[in-house]
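Take a look at the structure below.
The structure displayed is predicted, hence computed values, not measured ones.
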Amino acid sequence: MASMSGGKAVVEALRLAGVTHVWGVIGTAMLEVFDALYDTDDIKYVGVRHEQNAVHMADGYSRVRGRGGVVLIGQPGPGATNTVTGLAEARLAFSPVVALAGATVSSQVDRDTFQEVDQQALFSAITKRTTTVNTARRIPEYIQEAFRVAESGRRGPVVVNIPGDLLATEIDAEIEPAAAVPGPGPDGASLQRAAEIINGAERPVIVAGAGVKWSRATDQLLALAVRIQAPIVASAGHGDVVPNDHPLYVGQVGPRGNTVATALARDADVIFAVGTRLGYNTTVFSHDNVSADARIVHVDIEPSAVGRHFPATVGIAADAGETLAALLPLVEAGEERSDWTGAAQQRRRELLETRAEQARQITDPLHPATVFGAIQKALPRNAIVTLDTGTCSLHATDTVQTYQPPSLITPLDFGLVGFSHAAGLGAKAAAPDRPVVSLIGDGGFGMSMVELGTALDAGLNTVTVVLNNGCWGAEKAYQRDFFDGRYLGAANTNPAFDQVARAFGIDGVKAESADDITSAIEAGLRSDRPSVVEVAVDPDTITSFRKDSFPNRTKA
Ligand SMILES: Cc1ncc(C[n+]2csc(CCOP(=O)(O)OP(=O)(O)O)c2C)c(N)n1
Ligand SMILES: [Mg+2]
């Protein structure tokens, strides 16, 4: 047994979890942890400017790494409350973020003492699990358990509150690697029934989601799709589940996807949904987007998600990759189905041609479609793209193509503005050799651009493209479409973002044309510094997405 401070034990537990980076803001409660990190070469501490962004960075990191990302909340109270938005986002994205939060010292708890807030209660509502360490010697156990919970089953954020006094306590710590938690395997009878349904399909479609990415099962998915000759559509925000130029890929389904993919889910006789909960942004929980007559084979690692919004003919609560691998030998080679799969491929080609046509149009200011085309030209095949929540980013979700899973990082169902830049920094830390390009609106970048300083300090050289339409576009569109253009709070006055970037000491460029955009991104990707490319986009192209939110939706 080794004797060490509670703070040192935290760092030893993090080393065993294999994390390369931790993200946070320094604070009194955690100084023993910082002191232990001072001597640790294999974990890089990234000091950020706002705790919310630390969570987005850890989230982006975890999605690319495929395992946990860590936040250190140095300060109880305000440091902790600043992470709330990030953790709530990570919960709806099912990201394995592990946040270690300094907490009020034990002797002061429940006295309305300095900076006291009930962190156990606060975080419980927005995490997969929240715990509070009660004895210093159990610090390693709590941290290891946090990783096991965050990284197993349906992933999710876990907070461990650690009262500051425990970190200063000397403990005898024996820290062993935590055993991996195997996912539940698919059962044979359900697999047989699933195969029978798939084999009997005339109009099959595969709806693939994040579960396939978490289990790194793109190859198994493609093998199955090729064998049964079924088109693949992605759930919302998970278009990177397969290389986007695979001949069977048709794009993202649902209101944020494209009409070709959505029509497949609406017209199919068999839907094989794998690694997806068929959540709101994918289906709006409505048969407008999912055939009411289809037989559904639903695979998700979370039992309560299987068949929840649409009854499953066969439900399998299991890991996506294991299920795909087990199903492959049971399914029969599909016929060509020129009137279904072939027709979908033809419509997909037409859609891409229309988009290419739109990308060639030159307007002043530029249409987002032109901008996306110019961005695409600059993206190498191994690029990672991060997106935000504005109208431009929502259009980019299905339009900008990526090829190497995982490669698309979006705010998913929490739909928050101000995510993309920070998430890109996390992604870059997890994959330093891959180019990272972050798209974000002027509103979102205004919320988060303070992290340019973090990017510079930590050497996280991403390229951020600011799509500037001078407004909170996605909300302005609702005022246009549903409130007769009575705009209030929709306009956004911005600084020159390229100059802001230069003031931070990084590369900042204003791109005036499509060619400018492509070459500015290419230069940014070659640069040994982070960079910002500001692009003026046409404010008249904004779109309202959530038409269902308004009673008078027929007006749109
Ligand atoms: C944190 C947060 N605040 C407010 C909103 C509501 N909202 C959704 S989209 C949007 C506009 C975003 O503007 P911008 O980043 O400029 O992107 P644009 O829509 O103009 O492309 C707003 C305010 C939100 N989703 N998240
Ligand atoms: Mg905007």
Side-chain angles (χ1 to χ4, degrees), residues 354-380 383-397 399-402 417-418 420-421 424 435-449 451-452 455-456 461-474 476-477 490-543:
T354 307
R355 284 182 180 166
E357 189 96 346
Q358 286 168 345
R360 284 192 290 270
Q361 70 190 339
I362 301 297
T363 52
D364 183 18
L366 291 173
H367 192 284
T370 320
V371 176
F372 298 149
I375 292 170
Q376 191 77 57
K377 268 194 203 158
L379 294 181
I384 294 171
V385 174
T386 74
L387 298 177
D388 216 63
T389 294
T391 181
C392 294
S393 276
L394 287 173
H395 279 298
T397 319
T399 308
V400 173
Q401 308 286 285
T402 64
V417 173
S420 177
H421 176 247
V436 176
V437 176
S438 296
L439 273 53
I440 191 165
D442 51 307
F445 195 55
M447 281 185 177
S448 57
M449 63 191 176
E451 301 300 344
L452 290 175
L456 182 68
N461 300 331
T462 66
V463 177
T464 301
V465 183
V466 184
L467 303 155
N468 186 356
N469 53 13
C471 61
W472 300 98
K476 183 176 181 182
N492 203 8
T493 309
N494 294 304
F497 292 114
D498 57 326
Q499 288 181 31
V500 170
R502 293 201 293 276
F504 271 98
I506 70 171
D507 300 334
V509 180
K510 192 167 274 197
E512 310 279 356
S513 67
D515 287 346
D516 261 10
I517 296 168
T518 307
S519 51
I521 296 172
E522 286 169 348
L525 292 176
R526 282 193 306 268
S527 169
D528 57 4
R529 290 190 295 184
S531 63
V532 170
V533 179
E534 181 182 353
V535 182
V537 293
D538 186 352
D540 292 335
T541 58
I542 55 179
T543 315

Measuring only between side-chain heavy atoms, which start at C-beta, is [X] closer than 4.5 Å to [Y]?
{"X": "M449", "Y": "P495", "value": "yes"}
{"X": "L467", "Y": "D442", "value": "no"}
{"X": "N468", "Y": "V535", "value": "no"}
{"X": "V436", "Y": "V463", "value": "no"}
{"X": "V532", "Y": "D498", "value": "no"}
{"X": "I440", "Y": "T386", "value": "no"}
{"X": "L379", "Y": "T402", "value": "no"}
{"X": "S420", "Y": "S448", "value": "no"}

Donor-acceptor pair, side chain of [X] and main chain of [Y], under 3.5 angstrom:
{"X": "T518", "Y": "K377", "result": "no"}
{"X": "R529", "Y": "G524", "result": "no"}
{"X": "E534", "Y": "V466", "result": "no"}
{"X": "N461", "Y": "S531", "result": "no"}
{"X": "Q401", "Y": "T399", "result": "yes"}
{"X": "T541", "Y": "D538", "result": "yes"}
{"X": "S393", "Y": "D388", "result": "yes"}
{"X": "S527", "Y": "A523", "result": "no"}

Considering non-hydrogen atoms only, spot the tightest contact between [X] and [Y] and give its length.
{"X": "K510", "Y": "A496", "value": "NZ-CB, 4.2 Å"}
{"X": "A514", "Y": "A374", "value": "O-CB, 3.4 Å"}
{"X": "C392", "Y": "F372", "value": "O-CZ, 3.2 Å"}
{"X": "P530", "Y": "I506", "value": "O-CB, 3.3 Å"}
{"X": "D507", "Y": "A501", "value": "O-CB, 3.8 Å"}
{"X": "G373", "Y": "A359", "value": "CA-CB, 3.9 Å"}

Quiz item: Can the ring centres of F445 and H421 be said to be less than 6.0 Å apart?
Solution: yes

Distance check, rounded to the nearest 0.5 Å: [X] atom [atom1] versus [Y] atom [atom2]?
{"X": "Q361", "Y": "T370", "atom1": "CD", "atom2": "OG1", "value": "4.5 Å"}
{"X": "L387", "Y": "L394", "atom1": "CG", "atom2": "CG", "value": "8.5 Å"}
{"X": "L456", "Y": "E451", "atom1": "CG", "atom2": "CD", "value": "12.5 Å"}
{"X": "D540", "Y": "N469", "atom1": "CG", "atom2": "CG", "value": "10.0 Å"}
{"X": "L452", "Y": "F497", "atom1": "CG", "atom2": "CZ", "value": "10.5 Å"}
{"X": "R355", "Y": "H395", "atom1": "CZ", "atom2": "NE2", "value": "10.0 Å"}

Self-check item: Partners passing side-chain contact (heavy atoms from CB on, under 4.5 Å) against T363 (at least two apart in sequence or in another chain)
Solution: H367

Quiz item: Do S438 and T464 meet the criterion of a side-chain donor-acceptor pair at a distance under 3.5 Å?
Solution: no

